[in-house]
Every structure is written in C-alpha cells, then in structure tokens.
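First, the structure itself, so that you have it in front of you.
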Amino acid sequence: MNTQEFGACAMALNLFARLFLEAPDQDFLSRIGEARVFDQWPLPCPDREAADALQFLRTALKPRGGSRASETDGEYNTLFISPDKAIPLWESVWTTKDRLLFDGPMLDVRAQYTRYGLTSPNPDHEPDDHIGLELSFLGGVMGCAAESLENGDAEAARTHADVADAFLQQHLFAWAPRFLAAVAERGEAPIYGAVSLLCGAVLDHAANVLKDARA
C-alpha cells in the first residue's frame, strides 16, 4: 500500500465532497485558487475528458480579481435545487424502486458512518446518503489508511482499506456514475460538469488503489 496514493485520494474526495454538499462561497474558492489545487493535482487523468476537465478547472478557479461565488452558486441552484429539473443528491433516490429518501441504502450508510463515530450533520432533515457525505466518508477512511501507513501500522491500514473498498463498491459505485454523468451532461453548469468528470476519474482511481491494497 502506498501512503501518497491513499492521501491523494483522500484529499480529492474531501474536496469534491465539499463542492457537492453546498454551493462554495468565495472564501472557499479563493483558498482553492491560492493553494493551486488543480495546478498541482496529484492524481492521474485516465482519458481526454478528465484531462480537459482538469484544465478547465485550472483556468476557471485560478486566483483573479472578481468573484466566482455567484457563478458556482447559480450552477449549484440550477443543478440541485431548481424545483422543475433538480438532480437528486441522494443514493436512495437512484437505487430504490420507489425513489424514496431515508430508505434502505441510507440506513446501511448510516451504520457505516457509526463504525467511525460519525453522524450526519443534520440527520433529521438531510439523508445520510447524500453524495457529499458519501464522498467525505470514503475520503476520511482512505485518510485513516494513509495515517496508519505513516505510523507503520499495516494491519490497521488494511482494515481501513477494506472498509473503504466495500463502501465504494456497495454504495458509491451503485449510483455515483449515473449521478455524475447527469451533472456533466447539463451544459448550463460547466464548472460542476468538469468537477463531475474529474470526480468520476478519482473514484475509478480510488478503486484501483484499493484493489492493489488487497493484492
């Protein structure tokens, strides 16, 4: 297992989690730009689409005068809040017959969070299987694996890797590819379209990292 690979996946997943949980404010966008996150992207782009998405984000979110917050806020509202064509942000809506919130998959997701002492920020009103929360959990567990590797605890790292792999296969891969494709297809939201393409590439790379960890 490679500490840098696990850490890079954790960073990317936590970034995308924040972008999907709520529309980013100007302070967050400024920190992304000032840190040159997309200029120093630590993960490979497996195809032309992902590479183009990364290049677009490098340009769109680089430090400059003015504000991107209103633009990203507008995209977020159009994609996820607009009452007539909002894209659902929750696993249960994509994977259950009746497309119900707070349904079976969410309860399993909640149980997985509980294993790490985590709870949804607003469990009575926000289902635990929100894409942002699931990405954050996967990133957090891969971060735990990276930390265990740094501390020389290979057994703990493998345990975290097993949890991350199971969660990715059983939950995120059950619906995230369709969700991300739906976002990427909405031409009126180019920033979130690029984010979705790059997020899909990161999930695929995380799967390979976790597969290698089992070898």
Side-chain angles (χ1 to χ4, degrees), residues 9 11-43 45-95 99 101 120-122 125-139 171-173 175-206:
C9 286
M11 180 283 293
L13 290 164
N14 286 321
L15 171 63
F16 294 133
R18 171 64 179 80
L19 290 169
F20 283 118
L21 277 170
E22 60 184 355
D25 57 27
Q26 185 55 37
D27 179 64
F28 182 73
L29 293 175
S30 295
R31 284 186 279 120
I32 290 176
E34 290 165 2
R36 300 178 62 200
V37 170
F38 293 110
D39 288 322
Q40 304 177 67
W41 194 246
L43 297 173
C45 291
D47 52 40
R48 180 64 180 270
E49 275 194 331
D52 287 348
L54 178 59
Q55 183 57 42
F56 177 83
L57 292 170
R58 283 172 177 159
T59 301
L61 299 180
K62 67 181 179 181
R64 65 179 186 181
S67 170
R68 278 285 188 181
S70 60
E71 188 173 341
T72 55
D73 187 69
E75 287 193 17
Y76 193 93
N77 290 335
T78 297
L79 288 168
F80 308 123
I81 298 177
S82 175
D84 56 338
K85 53 181 181 179
I87 299 172
L89 290 156
W90 306 275
E91 178 183 347
S92 298
V93 179
W94 291 84
T95 60
R99 296 171 59 85
L101 294 174
S120 172
N122 192 12
H125 301 286
E126 181 70 75
D128 299 57
D129 56 352
H130 188 289
I131 184 69
L133 296 177
E134 291 197 4
L135 291 170
S136 178
F137 179 72
L138 180 61
H171 289 286
L172 278 161
F173 271 168
W175 71 289
R178 287 177 289 154
F179 165 81
L180 295 170
V183 175
E185 289 168 4
R186 293 281 284 274
E188 69 269 42
I191 293 176
Y192 269 90
V195 164
S196 294
L197 288 170
L198 197 56
C199 183
V202 169
L203 287 174
D204 288 340
H205 185 72

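Keep in mind the model is a prediction, meaning the values are calculated, not measured. Residues take their numbers from the sequence shown, with the count starting at 1.
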Q) Can you check whether W94 reaches I87 side chain to side chain, under 4.5 Å on heavy atoms? A) yes
Q. Taking the side chain as C-beta and beyond, is there a heavy-atom pair between E75 and V183 under 4.5 Å?
A.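 SC-SC contact between E75 and V183 ruled out.
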**Q.** Test item: M11 and P42 side chains (from C-beta on) under 4.5 Å apart, heavy atoms
**A.** yes
Q. Rounded to the nearest 0.5 Å, how far apart are CG of L180 and CD1 of I131?
A.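 Here the rounded value is 5.5 Å.
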Q | Donor-acceptor under 3.5 Å (S82 side chain, L79 main chain) | A | no
Q. Is it the case that E134 and W175 place a side-chain donor and acceptor less than 3.5 Å from each other?
A.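 The criterion, which ignores hydrogens and geometry beyond distance, is satisfied for W175 and E134.
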Q) Within the distance-only criterion (no hydrogens, no angle test), does the side chain of Y192 pair as donor or acceptor with the backbone N or O of L19 below 3.5 angstrom? A)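 Yes; judged by distance alone, with no hydrogens or angles, the pair exists.
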Q. Do the side chains of H171 and D129 get nearer than 4.5 Å, heavy atoms only?
A.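 Not in contact.
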Q. Sub-3.5 Å donor-acceptor pair from the side chain of N77 to the main-chain atoms of D73, do we have one?
A. yes
Q. Is there a side-chain contact between V195 and L57 (heavy atoms, below 4.5 Å)?
A. yes
Q: Would you check if the distance from the ring center of F179 to the ring center of F20 is below 6.0 Å?
A: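 Centroid distance F179-F20: below 6.0 Å, so yes.
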(Q) I need the R58 CZ to D39 CG distance, nearest 0.5 Å. (A) 6.0 Å
Q. Within 45° of the ring axis of F28 and under 6.0 Å from its six-membered ring centre, is that where the NZ or CZ of R18 lies?
A.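 The answer is yes, since R18 meets both limits relative to F28.
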Q.
Taking the side chain as everything from C-beta on, heavy atoms only, tell me whether S136 gets closer than 4.5 Å to L13.
A. no
Q | E49 atom CD, over 12 foreign heavy atoms within 6.0 Å | A |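 Open.
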**Q.** Inter-residue atom distance D128.CG - W90.CH2, 0.5 Å rounding
**A.**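 Reported to 0.5 Å precision, the distance equals 12.5 Å.
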Q. How many angstroms lie between atom SG of C45 and atom CG of D52, to the nearest 0.5 angstrom?
A. 9.0 Å
Q) Which heavy atom in G132 sits nearest to a heavy atom in L21, and how many Å separate them? A) CA-CG, 3.8 Å
Q) Does the side chain of D204 come within less than 4.5 Å of P46's, by heavy atoms? A)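 P46 vs D204: side chains apart.
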Q: Compare all side-chain heavy atoms of P177 with those of L203 and state whether any distance is below 4.5 angstrom.
A: no
(Q) Regarding E34 and S30, do their side chains bring together a donor and an acceptor under 3.5 Å, going by distance alone? (A) no
Q.
I'd like to know if the side chain of R186 reaches the main chain of T78, judged simply by a donor and an acceptor atom lying under 3.5 Å from each other, with no hydrogens or angles considered.
A.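 Yes.
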Q: Could you tell me the separation between the CG atom of L197 and the CD atom of E185, rounded to the nearest 0.5 Å?
A: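 Atom-to-atom, L197:CG and E185:CD are 9.5 Å apart.
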